[in-house]
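Since the model is a prediction, treat every value here as computed from it, not as a measurement. Residue numbers start from 1 in every chain, and the chains themselves are labelled A, B, ... in the order their sequence lines are given, proteins ahead of strands.
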There are 4 protein chains.
Amino acid sequence: MAGNTFGQVFRLTTFGESHGVAVGGVIDGCPSGLKIDGKFIAKELSRRKPGNSEFASARKEDDKVEFLSGIYKGITTGAPVAFIIKNKDQHSSDYDELKNVLRPSHADYAYLQKFGIRDYEGGGRASARETAARVVAGAIAKLYLAKTKIKFCAYTSQIGDVILKKSYSDVDIPSIDADMLYCPDKRVSAQMQKLLKQVKAEGGSTGGMVTCFIQSLPAGLGEPVFDKLQADLAKAMLSIPAAKGFEYGEGFAAAAMKGSEHNDAFISKKGKIAFASNHSGGIQGGISNGEDVFFKVAFKPVSSIAKTQSTVTLDGKAAKISIKGRHDVCLVPRAVPVVEAMAAIVVMDHLLRNNILSR
Amino acid sequence: MAGNTFGQVFRLTTFGESHGVAVGGVIDGCPSGLKIDGKFIAKELSRRKPGNSEFASARKEDDKVEFLSGIYKGITTGAPVAFIIKNKDQHSSDYDELKNVLRPSHADYAYLQKFGIRDYEGGGRASARETAARVVAGAIAKLYLAKTKIKFCAYTSQIGDVILKKSYSDVDIPSIDADMLYCPDKRVSAQMQKLLKQVKAEGGSTGGMVTCFIQSLPAGLGEPVFDKLQADLAKAMLSIPAAKGFEYGEGFAAAAMKGSEHNDAFISKKGKIAFASNHSGGIQGGISNGEDVFFKVAFKPVSSIAKTQSTVTLDGKAAKISIKGRHDVCLVPRAVPVVEAMAAIVVMDHLLRNNILSR
Amino acid sequence: MAGNTFGQVFRLTTFGESHGVAVGGVIDGCPSGLKIDGKFIAKELSRRKPGNSEFASARKEDDKVEFLSGIYKGITTGAPVAFIIKNKDQHSSDYDELKNVLRPSHADYAYLQKFGIRDYEGGGRASARETAARVVAGAIAKLYLAKTKIKFCAYTSQIGDVILKKSYSDVDIPSIDADMLYCPDKRVSAQMQKLLKQVKAEGGSTGGMVTCFIQSLPAGLGEPVFDKLQADLAKAMLSIPAAKGFEYGEGFAAAAMKGSEHNDAFISKKGKIAFASNHSGGIQGGISNGEDVFFKVAFKPVSSIAKTQSTVTLDGKAAKISIKGRHDVCLVPRAVPVVEAMAAIVVMDHLLRNNILSR
Amino acid sequence: MAGNTFGQVFRLTTFGESHGVAVGGVIDGCPSGLKIDGKFIAKELSRRKPGNSEFASARKEDDKVEFLSGIYKGITTGAPVAFIIKNKDQHSSDYDELKNVLRPSHADYAYLQKFGIRDYEGGGRASARETAARVVAGAIAKLYLAKTKIKFCAYTSQIGDVILKKSYSDVDIPSIDADMLYCPDKRVSAQMQKLLKQVKAEGGSTGGMVTCFIQSLPAGLGEPVFDKLQADLAKAMLSIPAAKGFEYGEGFAAAAMKGSEHNDAFISKKGKIAFASNHSGGIQGGISNGEDVFFKVAFKPVSSIAKTQSTVTLDGKAAKISIKGRHDVCLVPRAVPVVEAMAAIVVMDHLLRNNILSR
């Protein structure tokens with residue numbers, strides 16, 4: 001069984017390769033009666049496109065969504081919503097030099113082992129371009145969720161060794177989109193930009209981190225045992241290219257904490273049950289408890305670098321490689337809208353799942 | 001859709017509550033012709049039982065597996081393998097005091113919000129006892145995988161602020177099971193035990209970390225896009241009660257690394273393609289590359305503590321709570337076999353998935 | 001991927017063999033808050049047990065359901081409902097003679113080809129005993145649906161060449177259970193009994209037909225394209241052992257009809273939209289339209305007969321076989337509650353599915 | 001959960017409406033390394049297009065497949081194969097008169113009840129045009145299966161009251177495609193054509209039947225209990241628009257048979273186990289036994305007819321309707337390639353499923 005589908009009720013199947021005709025997706029399970037706001041979707045998509053900063057790939061991905069089905073007079077019908085984003089500005093000659101050598105830490109080798117197919121142009125299904133389809137589906141989920149109070153917010157919280165130390169709850173949301181790197185702190189962003197300039201000059205790349213929070217999520221989302229809300233978020237996030245880790249609430253820091261520190265006491269607030277703290281990150285026993293959900297996703301540095309690396313040819317001979325395509329210095333800013341989209345897809349799916357079985 | 005099933009081909013559905021008749025599971029998709037080694041399964045199960053150390057719950061979970069189906073003359077038939085582990089030694093009076101108050105950071109409140117059911121005895125499906133069924137399924141996966149060279153190894157790498165700094169590759173495997181806490185370093189284990197004694201005396205609890213590695217995994221496991229091997233491992237691990245984070249390879253540290261540091265160069269080794277390093281953690285583009293897979297799982301402190309905590313009653317009045325049941329001081333040692341079992345289930349499932357579609 | 005699970009939201013997984021410890025099932029996705037009426041379930045189960053008539057197997061299947069999980073103080077909790085029915089009265093010596101010969105038109109040979117396992121005692125997963133678990137799940141679905149007006153009714157409409165010619169809408173429902181063969185017409189049942197006596201005396205068996213109708217089904221159940229309501233009913237019915245055909249509405253007779261005869265005209269009834277006829281059988285475009293759903297399921301004769309048959313041994317030598325176990329002369333009366341149970345499971349599943357996505 | 005996906009391993013998701021941009025599909029799970037023969041696919045597709053006979057709709061569906069993904073240099077890569085067939089020759093003005101009235105026995109009313117959407121142009125997802133995507137997927141399955149000896153063959157066996165009485169095994173396969181109605185008997189086809197002329201002159205429509213057989217299917221396909229081969233075939237066939245019934249082997253006739261007549265005796269043929277007859281239709285216990293699989297699918301008459309019918313307006317007032325679009329007189333010939341395609345998809349899926357778990 002292949003793995004190009006995500007979700008149980010709001011089911012997204014993506015398809016397409018960067019060197020082919022188009023990337024796209026089909027959403028089966030999109031509720032009927034939803035007004036499709038094309039401008040909002042285009043805006044979401046433009047947030048992940050390369051070329052938003054000087055550190056991103058110079059490729060021009062115009063990223064215009066064309067809807068093929070499931071919408072009648074601007075309203076969803078309950079039928080599958082299929083869409084494509086045509087590929088333009090392909091330089092397949094960029095890849096000619098790569099024909100016979102393996103790119104270190106790229107998907108080439110593992111794909112070749114698995115499928116017996118050597119598709120050296122772009123990254124096949126491992127290409128970050130595939131995430132454009134996720135952003136479209138995430139935008140549709142957000143349009144549906146607009147009738148609730150649920151809000152999603154992701155931002156760049158680390159690039160290389162430059163770390164934004166602020167808690168998510170102190171972040172000024174409008175300042176995120178105002179920043180070229182989606183970092184909600186001008187001073188920290190300036191340091192990040194300085195680092196990126198230097199790394200770019202070296203022909204290198206760097207890793208980083210995205211923090212995401214979800215506000216006003218109702219209690220009750222997530223399913224006991226295997227489909228816990230955090231389990232599905234973790235899967236969603238680790239399915240993003242280059243993601244290396246996921247933590248929610250106190251995350252890895254919880255390992256060093258005591259129960260008396262970590263537990264979130266219940267308090268009585270105007271006669272209603274409330275929480276004194278939110279170390280849990282809004283999920284307990286796998287189910288949302290009504291508090292903010294927050295989590296972090298770590299990303300490795302981009303593997304395609306201009307710096308010369310040691311590698312081998314397909315027939316196992318030592319070789320040198322310098323990858324000259326138009327690559328990002330750091331994927332993290334472009335991952336910000338993807339993290340947000342995947343969070344929206346997970347929440348949408350669990351909201352619909354929850355409507356069926358709970359009270 | 002409820003979430004009590006894991007896996008696509010080797011599908012485990014678990015059921016049961018700690019205060020009920022039994023916990024158990026059904027494996028649909030267990031290949032035929034597998035000899036069921038009851039002793040091995042019993043041994044695996046005994047590794048997670050409480051009472052292995054003085055820091056674990058004093059509950060006696062005898063944990064005898066009874067197979068109900070799918071096995072004929074000791075050999076699997078290809079039919080679903082159903083099994084139960086009967087519950088014994090239930091002290092439902094332990095829970096009487098908890099009837100009207102909410103346990104901080106426990107699943108109570110979220111379950112009540114979701115299902116409208118107040119089941120205060122044990123943790124319902126959020127009980128760690130559910131994981132016994134996972135260990136049985138993991139043991140069956142290991143029996144099947146015994147004909148390959150794949151090996152799974154998990155151990156305690158942190159308890160509270162006591163951290164085992166050794167790399168996984170320096171671990172002496174037999175020393176893991178020789179240690180009460182499944183920590184493969186006597187000196188570090190002694191420090192952990194000292195900490196646990198102190199925490200226990202305080203009526204408290206502490207978090208910790210499990211490290212796991214998988215050796216001799218063939219290249220080609222994992223499916224592009226959403227069912228990447230790391231995505232399914234992340235989901236599996238975050239579905240374990242109390243897990244707060246997952247990272248593989250360099251994990252969160254990768255965020256601060258440069259591409260030239262993180263990339264795993266290819267080298268020519270006796271004419272064959274090999275890797276100079278394994279920062280990637282054995283997975284590239286979501287697919288295993290033949291190197292060791294390794295990852296870490298962070299666990300929060302046990303929420304049930306004897307120390308007095310602030311809480312509220314079900315009708316929203318302030319109250320105090322001191323949870324007197326027989327609880328673990330730290331879940332981590334008992335999580336070690338569960339992490340290993342879930343890793344085995346993920347690998348088994350992906351191995352069977354891979355057999356279908358790849359060459 | 002094995003196939004022991006049915007349904008998308010109300011998901012039944014069955015397990016167990018007739019010669020093993022028990023048969024049973026797990027329902028994942030049973031809504032919380034449902035009162036489990038043990039007497040009703042026992043009554044449903046007793047309808048399919050052998051020994052209700054002289055033409056059924058003389059095996060005593062006492063068929064007592066034991067619930068293992070998912071129920072707290074008599075009410076479902078939203079957790080998986082697991083249950084078993086222990087096997088008694090096994091005569092495995094009945095099967096000794098069959099060890100080395102293949103039973104004609106039985107599942108033996110195909111199972112051996114598929115799994116490489118020769119399990120000659122009972123029919124393994126192909127045994128009709130497996131359907132007991134379906135009846136339990138169907139009974140639980142009916143308990144849930146009791147708050148709606150939906151009613152399920154199946155009956156014997158043919159045995160051998162004795163055919164009940166009455167339309168389903170002329171059937172007197174209470175007379176079904178009053179009849180030993182679940183045939184709602186005394187005169188026809190008498191003919192059927194006469195035929196069965198004769199067939200039994202010959203050491204033979206016969207086929208037959210079950211008709212089923214569902215009343216007060218709301219409009220809107222079924223999903224476009226592949227999960228049409230009739231497609232899921234067809235799959236459910238053809239999954240019952242010995243079923244050979246399914247038709248709904250006018251069924252095979254529709255092939256000879258003209259559009260002007262078959263179309264169900266709309267009429268205005270007290271200012272509301274109504275149907276002048278129901279040739280469609282309550283489903284149009286794959287979705288229920290609010291009219292009665294009705295369908296027929298054809299069953300082949302029982303393959304285990306006492307009459308001497310030609311066969312071969314496992315090593316391919318010609319042999320004779322006379323199957324002397326305690327077999328049904330005609331499965332149809334015992335299939336009646338199974339057809340009804342599967343119909344209830346399909347409707348329950350589609351009702352829950354529909355709650356999510358439609359208005 | 002919506003229902004636009006079919007299959008477990010070879011998974012087809014279809015999308016699109018006849019009045020929209022395109023219909024299409026995504027196949028996730030298509031094995032890598034398969035050469036895509038565009039001519040073969042085009043030929044398969046041309047078999048279902050309207051305008052092959054004077055009795056089919058005069059709409060011109062040019063039906064050119066465009067592949068969007070999953071194919072590199074003409075070979076499948078293991079990535080999802082997405083494809084579209086653009087819609088042309090739409091006469092949406094054809095539908096203006098239908099805006100306010102319900103078409104009897106069409107999907108309009110049920111869709112309106114379910115989705116609250118009134119999409120009166122074409123049939124939305126209930127349109128027969130959706131089946132073009134199935135034919136493309138079926139053609140790809142056939143290309144894969146070409147390396148086996150498995151052969152699929154469907155033909156028209158009844159139109160109205162004109163019935164082809166020949167057994168499937170007496171059919172001359174080349175004569176099927178040679179006939180305008182896909183009926184492998186010239187004399188019978190002439191009678192069918194005569195009937196269709198008459199029905200067309202009346203402004204009416206008629207039902208019919210498709211018979212399909214699968215040769216050289218290996219033993220072992222199908223999964224015990226719910227995913228029996230016949231159960232999945234039944235679901236596949238009943239998901240085709242206008243299908244009313246499915247039977248395999250002796251089908252409904254088995255109801256009147258005795259076990260001694262219906263059982264397929266084993267014989268010894270050159271020292272190998274063989275069958276003396278094939279009343280079972282090649283499937284026993286839900287699993288293929290190596291004999292030919294054969295089945296029939298009944299179709300109702302087309303509901304869109306020019307003859308004046310009674311109906312109601314959307315606000316419940318009595319009205320008359322005469323549907324003047326370019327409709328088929330009988331769907332059956334165009335259903336022939338669809339039945340064959342769905343059979344190929346079911347077999348392909350079960351073949352891949354079987355590869356995993358059986359020996």
Please rank [options] by heavy-atom pairs under 4.5 Å with chain B and give me the top one.
options: A:Ala107, A:Ala298, A:Gly285; value: A:Ala298
options: A:Gly251, A:Ala318, A:Ser288, A:Gly286; value: A:Gly251
options: A:Gly222, A:Ala242, A:Gly204, A:Ala319; value: A:Gly222
options: A:Ala219, A:Ala126, A:Ser260; value: A:Ser260
options: A:Thr14, A:Thr5, A:Val297, A:Asp232; value: A:Thr5
options: A:Ala236, A:Ala231, A:Gly245, A:Gly290; value: A:Ala231

- A:Val199 vs B:Lys258, side chain to side chain contact (heavy atoms under 4.5 Å, CB included): CA-CA, chis, key distance, verdict: CA-CA 8 Å; A:Val199 172; B:Lys258 294 190 175 168; 4.1 Å; yes
Report yes or no: does [X] contribute a side-chain atom to a donor-acceptor pair with the main-chain N or O of [Y] at less than 3.5 Å?
X: A:Asn263; Y: B:Ser303; value: yes
X: B:Lys244; Y: A:Gly281; value: no
X: A:Ser268; Y: B:Gly316; value: yes

- Query: Who among B:Asn289, B:Leu12, B:Asp264 has the most heavy-atom pairs with chain A under 4.5 Å?
  - Reply: B:Asp264
- What residue in B:Asn4, B:Ile159, B:Leu229 has the most heavy-atom pairs under 4.5 Å with chain A? B:Asn4
With a 4.5 angstrom heavy-atom cut-off, could you sort out which part of [X] is near chain A: side chain, backbone, both or neither?
X: B:Thr313; result: backbone
X: B:Ala243; result: backbone
X: B:Ile305; result: side chain

Minimum-distance pair of heavy atoms, taken over all atoms of [X] and [Y]:
X: B:Ala2; Y: A:Glu223; result: CA-OE1, 3.9 Å
X: A:Lys296; Y: B:Phe252; result: O-CZ, 4.1 Å
X: B:Ser105; Y: A:His262; result: OG-O, 4.1 Å
X: B:Ala234; Y: A:Leu238; result: CB-CG, 3.8 Å
X: A:Gln158; Y: B:Ala255; result: NE2-CB, 3.7 Å
X: B:Gly259; Y: A:Pro301; result: N-CB, 3.3 Å

- Item | Chi angles and distances behind the side chain to side chain contact (heavy atoms under 4.5 Å, CB included) call for B:Glu247, A:Glu247 | CA-CA 8 Å; B:Glu247 61 173 25; A:Glu247 61 173 24; over 6 Å; no
- Query: Partners of A:Phe294 by ring-ring contact (aromatic ring centres under 6.0 Å, His included), sequence neighbours excluded?
  - Reply: A:Tyr168
Region of [X] that comes under 4.5 Å of a non-hydrogen atom in chain B:
X: A:Lys235; value: both
X: A:Met237; value: neither
X: A:Phe295; value: neither
X: A:His279; value: backbone
X: A:Glu202; value: side chain
X: A:Gln230; value: both
X: A:Val302; value: backbone
X: A:Ala274; value: neither
X: A:Lys300; value: both
X: A:Tyr248; value: both
X: A:Leu314; value: backbone
X: A:Lys269; value: neither

- May I have the step-by-step check of side chain to side chain contact (heavy atoms under 4.5 Å, CB included) for A:Lys114 and B:Asn354, ending in yes or no? CA-CA 8 Å; A:Lys114 186 178 185 75; B:Asn354 194 54; 2.6 Å; yes
In Å, rounded to the nearest 0.5 Å, how long is the span from [atom1] of [X] to [atom2] of [Y]?
X: B:Ser205; Y: A:Met257; atom1: OG; atom2: CE; answer: 10.5 Å
X: A:Leu102; Y: B:Ile273; atom1: CG; atom2: CD1; answer: 5.0 Å
X: A:Asp349; Y: B:Met1; atom1: CG; atom2: CE; answer: 9.0 Å

- Which of A:Thr311, A:Ile321, A:Asp108 passes side-chain contact (heavy atoms from CB on, under 4.5 Å) with B:Phe266? Answer is A:Thr311
- Message: B:Ser310: which residues meet the side-chain contact (heavy atoms from CB on, under 4.5 Å) condition with it, sequence neighbours left out?
- Response: A:Ala265, B:Lys320
- Evaluate the ring planes of B:Phe6 and A:Phe226, with Trp represented by its six-membered ring, and classify them as parallel (under 30°), tilted (30 to 60°) or perpendicular (over 60°). tilted
- Task: Step by step, work out the side chain to side chain contact (heavy atoms under 4.5 Å, CB included) result for A:Glu130 and B:Val225.
- Result: CA-CA 8 Å; A:Glu130 177 272 337; B:Val225 184; 3.3 Å; yes
